[in-house]
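The structure appears below as structure tokens.
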Amino acid sequence: MSNLNSFTLNIPKFNDRTSSELIPIFAYYLQEIKQTKPFSAIDINYCFNELSLKPYSNISAFLTKKSKGKDIIFLKQKSGYTLTRHSAEKLAKELSMPIDMPVSTALIDLTIFKITPYYLQKNAKQMAQCYECGFYDATLVLMRKLLETLIIESFERHGIDHEIKDNEGMFFYLSGLIPLYLKSKKWNCSRNLQNNIIKIKKYGDLSAHNRRFLAKKTDIDDFKFELRQVLEEIILSIDYYNWDRTSN
């Protein structure tokens with residue numbers, strides 16, 4: 001199944017829409033999903049053909065018409081068209097598509113996660129997005145989750161994950177994982193990591209479990225440097241580049 005086919009499966013009443021209604025939807029797919037920016041009438045026509053649908057009679061004229069006037073949908077560029085910001089956000093809501101919030105380095109430089117598996121990259125991005133949106137309790141909970149996952153993968157990396165499991169094969173809670181991580185002989189924890197790893201757990205626990213605690217931006221800002229240092233050190237010690245998971 002093509003990416004376009006998969007995209008249309010999540011669109012409400014897709015098969016009931018007219019060809020003119022599909023043009024903005026295909027534009028959204030091209031611009032936001034496929035990252036074709038700007039897109040052209042040929043690109044839109046390709047989407048119709050890819051799905052074996054009868055295309056709109058004159059796509060070029062439609063794009064031109066909807067790039068003029070008060071309620072425009074498209075912006076005319078030198079080599080094609082782009083959706084207006086308002087149109088893209090409206091379509092994202094209509095199509096039940098999450099809006100991908102831009103992420104800066106305000107909380108942490110996400111490039112340190114480039115060598116990690118996709119689920120860690122997604123977690124880290126969500127953490128940064130929550131911080132930039134002012135969702136500070138969510139930021140700390142995701143921060144705690146990242147730390148817990150990285151500790152578990154550290155033990156899995158060396159085939160010693162049995163050391164952090166109970167008699168039923170379940171992983172210990174973070175309170176039990178941290179002391180075992182710090183005393184393991186498989187890696188050398190820096191003094192900075194030993195001093196700061198508890199901060200991440202402390203605030204993560206408060207946001208996750210204390211109903212009267214409401215995190216503030218300053219709570220996180222006070223240890224942003226320590227956060228990066230702890231996570232980056234663990235990531236580097238795991239050495240994802242050379243980890244053959246099939247051998248475990």
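Only a predicted model underlies this, so the values are computations on that prediction, with no experimental measurement involved.
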With rounding to the nearest 0.5 angstrom, report the [atom1] to [atom2] distance, [X] to [Y].
X: Arg228; Y: Ile108; atom1: CZ; atom2: CD1; value: 7.5 Å
X: Tyr136; Y: Lys217; atom1: OH; atom2: NZ; value: 5.5 Å
X: Lys122; Y: Lys125; atom1: NZ; atom2: NZ; value: 6.0 Å
X: Ile234; Y: Ser154; atom1: CD1; atom2: OG; value: 6.0 Å
X: Glu21; Y: Ile23; atom1: CD; atom2: CD1; value: 10.5 Å

Which heavy atom of [X] sits nearest to which heavy atom of [Y], and what is that distance?
X: Ser184; Y: Ile160; value: OG-CD1, 4.3 Å
X: Ile235; Y: Ile115; value: CG2-CD1, 3.8 Å
X: Phe62; Y: Pro24; value: CE2-CD, 4.4 Å
X: Lys76; Y: Ser67; value: N-CB, 4.4 Å
X: Glu148; Y: Tyr173; value: OE2-C, 4.4 Å
X: Asp137; Y: Ser207; value: OD1-OG, 2.7 Å

How about [X]: does its [atom1] atom have over 12 heavy atoms from other parts shown lying under 6.0 Å from it?
X: Phe14; atom1: CZ; answer: yes
X: Lys90; atom1: NZ; answer: no
X: Tyr241; atom1: OH; answer: no
X: Asn188; atom1: CG; answer: no
X: Lys165; atom1: NZ; answer: yes
X: Lys201; atom1: NZ; answer: yes

Can you label the angle between the Tyr203 ring and the Phe223 ring as parallel, tilted or perpendicular, going by 30° and 60°?
-> parallel

Aromatic ring pairing Phe39/Phe74, orientation class (parallel under 30°, perpendicular over 60°, tilted between)
perpendicular

When clusters are formed by joining ILVMFWY residues with side-chain heavy atoms under 4.5 Å apart, either directly or through shared neighbours, do [X] and [Y] land in the same one?
X: Ile44; Y: Leu75; value: no
X: Tyr28; Y: Ile72; value: no
X: Val141; Y: Ile151; value: no
X: Leu146; Y: Ile198; value: yes
X: Met143; Y: Phe135; value: no

Between [X] and [Y], do the side chains contain an N or O donor and an N or O acceptor separated by less than 3.5 Å?
X: Asn192; Y: Ser190; value: no
X: Thr64; Y: Tyr81; value: yes
X: Ser104; Y: Glu132; value: yes
X: Tyr131; Y: Asp221; value: yes

Is there a side-chain contact between [X] and [Y] (heavy atoms, below 4.5 Å)?
X: Asp205; Y: Asn210; result: no
X: Glu233; Y: Gln229; result: yes
X: Ile220; Y: Leu140; result: yes
X: Leu182; Y: Leu193; result: yes
X: Asp219; Y: Phe213; result: yes
X: Glu32; Y: Leu91; result: no
X: Thr36; Y: Tyr29; result: no
X: Lys224; Y: Leu107; result: yes

*Assert yes or no for the condition that the ring centre distance of Tyr56 to Phe48 is strictly below 6.0 Å.*
no

Pair Asp43, Lys34 - check side-chain contact (heavy atoms from CB on, under 4.5 Å), show working. CA-CA 11 Å; Asp43 295 320; Lys34 199 176 178 184; over 6 Å; no

Where do Ile25 and Phe7 land on the side-chain contact (heavy atoms from CB on, under 4.5 Å) test, with the steps shown first? CA-CA 10 Å; Ile25 293 174; Phe7 169 77; 3.8 Å; yes

State whether the side chain of [X] and the backbone N or O of [Y] hold a donor-acceptor pair below 3.5 Å, judged by distance alone.
X: Thr149; Y: Lys145; result: yes
X: Glu50; Y: Leu4; result: no
X: Arg157; Y: Tyr240; result: no
X: Trp187; Y: Tyr181; result: yes
X: Asn195; Y: Arg191; result: yes
X: Gln194; Y: Cys189; result: yes

